[in-house]
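Only one structure is covered here, and it is reproduced in the block below.
Chain letters run A, B, ... following the sequence lines, proteins first, then strands; residues in each count from 1. These numbers come from a predicted model, not from an experiment.
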Amino acid sequence: MEYNFREIEKKWHQRWVDQQTYKTVEDENKKKFYVLNMFPYPSGAGLHVGHPLGYIASDIYARFKRLQGYNVLNPMGYDSYGLPAEQYAIQTGQHPAITTVNNINRYREQLEKIGFCFDWSREIRTCDPEYYHWTQWAFQKMFNSFYCNSCQKAQPIEKLVKHFETEGTDGLDVAQSEELRFTADEWNSWDEKKKNEVLMNYRIAYLGETMVNWCPKLGTVLANDEVVDGVSERGGYPVVQKKMQQWCLRISAYAQRLLDGLETVQWTDSIKEVQRNWIGRSEGTEVQFKVKDSDTEFTIFTTRADTMFGVTFMVLAPESEYVAKVTTAAQKADVDAYLDATKKRTERERIADRKVSGVFSGSYAINPMTGDEIPIWISDYVLAGYGTGAIMAVPAHDSRDYAFAKHFNLPIIPLIEGCDVSEESYDAKEGIVTNSPREGVKPYVNFSLNGLTVKEAIAATKKFVKENNLGRVKVNYRLRDAIFSRQRYWGEPFPVYYKNGMPCMIPEECLPLELPEVDKFLPTETGEPPLGNATKWAWDEANKQVVENSKIDGKTVFPIELNTMPGFAGSSAYYLRYMDPRNNERIVSEKNENYWQNVDLYVGGTEHATGHLIYSRFWNKFLFDYGYSVKEEPFQKLVNQGMIQGRSNFVYRIKDTNTFISLDMIKNMDDVTPIHVDVNIVSNDILDVEAFKNWRPEYNNAEFQLNADGKYICGWAIEKMSKSMFNVVNPDMIVEKFGADTLRLYEMFLGPVEQSKPWDTNGIDGCHRFIKKLWGLFYSRDDQFLPEDGEPSKDELKAVHKLIKKVTGDIENFSYNTSISAFMICVNELQQIKVRHKAALKDIVVLIAPFAPFLAEELWEALGNTTSVCDAKWPEFNEDYLKEDSVTLSISFNGKTRFTMQFPAGSSNEAIQEAALADPQAQKYLEGFNVVKVIVVPNKIVNIVLKPKA
RNA sequence: GCGCGUGUGGUGAAAUUGGUAGACACGCCAGACUUAGGAUCUGGUGCCGCGAGGCUUGUAGGUUCGAGUCCUAUCACGCGCACCA
């Protein structure tokens with residue numbers, strides 16, 4: 001019987017659907033295992049062959065765990081809200097709701113073909129009201145929370161209000177936008193509106209006037225991780241800095257926990273390092289500087305407190321609120337001009353053109369260590385968003401300050417013994433401190449750092465600053481609060497309405513607040529959200545419902561927020577929802593949450609390291625604080641699959657002709673123009689000439705210079721897989737031609753899962769041949785069913801158990817490529833054995849089941865089983881079958897094998913060594929030498945170290 | 001500039017973690033069968049050399065009886081962060 005994959009795959013796919021083979025039900029009697037793939041944006045282009053790589057890898061693992069007896073949750077869904085989905089809709093001129101459904105259907109169809117064990121009954125879509133109900137719910141929960149630093153968790157905002165009512169800000173240790181001070185009396189005297197404004201300073205989801213990344217072309221603000229090199233990640237459009245009122249998430253409050261949590265998860269060091277960098281913890285000191293002849297004081301942050309004696313000027317960020325306070329009348333014109341110029345520059349220009357610029361404010365600060373009057377400058381090399389937006393400049397020991405000082409001719413005072421700062425600054429944090437204070441200068445304070453190491457000096461200064469009330473020790477994080485508003489249509493609406501300009505939450509029982517239909521959903525360059533076009537978008541407070549805008553009266557009917565949430569909102573807690581996707585009462589029931597706990601294995605690309613993987617960790621920690629999640633970290637083990645690149649093919653047209661020349665006939669590359677050619681009409685780099693003529697009209701009467709074999713050889717290159725390079729390989733096509741099992745095997749056989757590699761359809765024959773060989777162990781060409789009843793032979797058992805050992809170990813390490821090699825070897829070995837037994841082949845079928853599930857089902861049935869192979873038991877490895885009767889020992893001198901010896905199995909190293917030295921043949925070689933050492937590695941080699949006799 | 005990672009045949013890659021480098025597969029070569037076909041099967045295939053033999057894991061050193069694996073230096077490539085004070 002021929003291996004007919006089309007029939008086999010069709011048959012089993014249908015049976016899986018009919019019998020709900022992959023439906024997962026919570027079962028307290030079984031240990032759980034939660035496998036998760038990063039769910040896809042359903043983009044318009046459909047899947048190419050690179051997309052399923054991670055899904056196949058996790059599918060193999062999920063099936064393996066199931067065979068080991070675990071209750072496996074392996075769900076799939078769609079991240080269908082957000083920029084990419086909307087951009088695609090805009091580009092194709094369709095409504096995003098329509099394109100999204102179409103794209104999802106196409107994805108589903110493609111995924112179904114590959115034979116994944118997804119439990120589709122748990123499918124979720126982030127744009128589904130049933131789903132985003134819980135996104136909105138979490139947002140409201142964050143709005144109604146503050147972060148308590150001393151107890152290290154989120155708490156209900158009422159608790160904070162109570163504190164204000166009785167004690168004001170006294171004894172408060174909470175995360176906040178800016179440090180406020182007020183008494184209980186003051187708080188109690190404020191009206192509702194004022195109180196609410198103050199509370200915004202503490203809420204975890206808050207409305208903030210912040211500097212944002214504004215992308216005019218996309219018509220929306222972007223989060224930091226959505227901006228790459230000063231342009232938008234999606235589309236590559238320019239981004240400018242703009243001050244706007246936006247919803248923000250106080251993710252910075254969780255910075256330390258996000259850092260600490262990394263120690264508890266099994267992720268690669270590199271991705272942990274990326275997150276550590278992104279969080280950017282830095283321990284330092286905040287110091288207050290007084291402005292001369294003024295009451296103004298401002299605070300700076302430094303990690304080099306030891307260099308305070310070398311501060312020769314101060315620098316404020318252009319956006320700093322102190323700029324106005326320190327600018328003198330004489331300097332005002334210059335300062336305004338500078339501020340104007342900086343504002344006009346885009347982020348990209350700032351990065352591209354990093355020349356020194358700045359302006360003197362006219363004021364001076366007093367150095368608290370020396371009493372020196374030092375000029376205050378304004379420059380855009382100081383960032384408003386980090387620390388306090390102001391620095392003390394120590395040009396001798398900071399390269400940026402140095403460049404600035406050189407440019408504006410400001411003094412440079414070296415503070416480390418023996419350092420040379422004539423050409424460049426000395427930035428290293430090592431050496432012995434000097435000039436602190438300088439010799440011969442009357443000390444301003446009773447404090448000296450001279451003679452200490454840098455490390456000691458930092459500690460000493462921290463202590464001094466604290467004791468003298470000059471400042472305090474402070475830990476800063478680079479991690480910014482996440483900007484949570486988008487001026488776009490295709491996203492979760494905020495469940496918020498505005499009453500007297502004050503945001504109010506739509507009652508929880510009224511959620512979800514559904515996205516309204518609008519005619520015009522296109523974004524605008526000015527930032528007017530498209531939801532402004534909705535006619536029914538007002539909140540009737542009394543009747544608790546959405547009504548027409550025309551009814552807004554400001555007394556009982558109010559406008560609803562027009563912004564929508566960003567793409568990462570919906571993807572931040574989806575793994576929780578899979579545990580209980582149809583629950584209308586709670587994001588996930590306690591029972592299910594306690595059963596599934598968190599994701600055991602998460603598979604996805606590295607590109608989410610600073611986006612999704614930070615946001616969802618934050619989101620989960622927040623829910624954890626309230627007991628909605630039982631594990632602090634959502635993803636226990638993370639595997640990052642590599643990217644599949646495309647392998648493009650080229651044809652070479654002789655310049656100014658319509659003649660194409662085979663690569664091996666080209667004498668001079670300058671005479672030809674390489675042109676991308678569709679890889680689907682090229683096989684093993686040989687062009688299908690006829691197909692090429694039909695490919696495009698302009699090649700209909702193309703002429704060819706073929707090589708001696710009459711072939712046209714194409715050139716090739718590794719490039720990104722994309723339509724424009726004609727190198728996209730579609731999985732449907734592979735499935736059609738070779739079957740899903742072959743596709744699955746080949747994708748894994750290509751190389752390690754974590755590694756990026758080019759796709760090359762050429763090698764797929766080997767995997768297809770292997771499947772056919774395996775099939776050949778069961779069926780002869782003349783339709784005989786070959787496996788026999790009875791006891792397997794020793795050789796069979798040996799081959800099979802070698803495989804069990806190898807595959808079991810490999811799957812745990814994700815070394816699927818070597819597993820498949822082992823299968824190939826095993827099948828070859830079994831082919832040599834004339835009579836094969838069902839009992840031995842049964843184990844092989846179970847072993848191959850995770851890799852080639854359709855084939856496994858068919859063979860499992862052929863062996864007489866009536867249940868799915870998915871419910872089989874993973875075979876157990878038995879060492880005994882691998883034991884040899886004897887071990888062969890090769891004995892070598894100087895790396896050369898001289899003779900071999902046989903020993904009984906299980907001989908000890910000592911026994912082997914003794915016997916080897918006693919061997920008469922060996923002794924022939926030993927004449928004239930002293931034996932220094934004998935190294936015995938059983939089953940491998942014996943090395944005898946010799947020294948000539950004196 | 002700082003941080004992380006990777007270098008093995010014509011190609012994708014293995015190597016029991018310090019023990020016969022190149023498993024397995026593609027490609028290539030030779031052969032068999034065949035209504036010459038993008039089918040199947042058999043054998044060969046790291047490099048140099050007719051040969052015996054020699055060389056070989058980016059390069060140069062080191063540790064070791066023994067190094068692809070450990071250490072030092074160096075080069076190349078890839079990724080991440082980048083005025084973060």
Side-chain angles (χ1 to χ4, degrees), chain A residues 228-229 268-278 280-282 284-285 300-305 307 315 317 350-351 354 356 379-383 385-394 397-401 403-404 427 476-480 606-607 609-610 642-643 647 682-686 688 716 737 745-746 749-752 754-770 772 776 781 805-806 809 815 817-828 890 892-897 931-947:
Chain A
V228 178
D229 292 336
T268 60
D269 288 340
S270 75
I271 205 155
K272 284 187 187 179
E273 196 57 30
V274 168
Q275 291 215 340
R276 281 193 202 104
N277 279 340
W278 191 258
R281 182 191 152 102
S282 146
T285 317
I300 58 91
F301 175 77
T302 180
T303 55
R304 293 296 302 273
T307 60
V315 189
R350 260 181 75 152
I351 292 167
R354 235 178 242 177
V356 177
S379 171
D380 66 359
Y381 86 89
V382 175
L383 304 176
Y386 184 77
T388 59
I391 61 153
M392 61 177 212
V394 187
H397 302 293
D398 182 285
S399 50
R400 295 153 302 180
D401 298 344
F404 196 84
D427 290 13
N476 255 329
Y477 299 92
R478 208 174 66 91
L479 186 70
R480 307 259 60 83
T606 11
E607 66 273 20
T610 54
M643 296 245 270
R647 188 179 187 278
V682 178
S683 176
N684 287 345
D685 293 335
I686 297 164
D688 181 335
W716 60 270
K737 211 165 161 186
L745 281 175
Y746 185 53
F749 187 67
L750 269 177
E754 298 90 337
Q755 202 169 299
S756 287
K757 57 231 156 198
W759 176 266
D760 183 358
T761 308
N762 290 338
I764 201 165
D765 287 343
C767 287
H768 195 58
R769 218 167 279 154
F770 155 72
K772 285 202 269 191
R781 280 182 207 184
K805 186 182 183 191
K806 178 83 178 128
S815 306
N817 54 334
T818 53
S819 286
I820 294 166
S821 297
F823 274 114
M824 291 174 174
I825 294 166
C826 179
V827 167
N828 281 336
S890 4
S892 10
F893 299 119
N894 307 327
K896 225 178 264 181
T897 302
V931 177
V932 176
K933 208 199 249 176
V934 181
I935 296 108
V936 183
V937 183
N939 234 346
K940 299 279 182 206
I941 197 166
V942 172
N943 240 302
I944 300 177
V945 186
L946 302 174
K947 208 171 98 187

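B:C24 and B:G5 have their P atoms separated by 32 Å, with the value rounded to a whole Å. Rounded to a whole angstrom, the distance from the C1' atom of B:C75 to that of B:G61 is 15 Å. With both ends at atom P, the span from B:C55 to B:G44 equals 26 Å, rounded to whole Å. When the C1' atom is used for both B:G22 and B:G7, the distance is 16 Å, rounded to whole Å.
When heavy atoms are screened at a 4.0 angstrom cut-off, A:Arg769 is found touching the sugar-phosphate backbone but no base atom. Using a 4.0 Å heavy-atom cutoff across all strands shown, A:Ile825 reaches sugar-phosphate atoms only and no base atom. Note on A:Asp760: nothing from the nucleic acid sits closer than 4.0 angstrom, heavy atoms only. Using a 4.0 Å heavy-atom distance criterion, A:Pro752 is classed as a sugar-phosphate-only contact. Within the 4.0 angstrom heavy-atom criterion, no nucleotide atom of any strand lies near A:Lys805.
Here the nucleotide nearest the side chain of A:Thr303, chosen from B:A23, B:C81, B:A85, is B:A85.
Across all strands shown, B:G58 is found opposite B:U74 as a Watson-Crick or G-U wobble partner, with both distances under 3.5 Å. B:C41 is paired with B:G31 under the Watson-Crick or G-U wobble criterion, all donor-acceptor distances under 3.5 Å.
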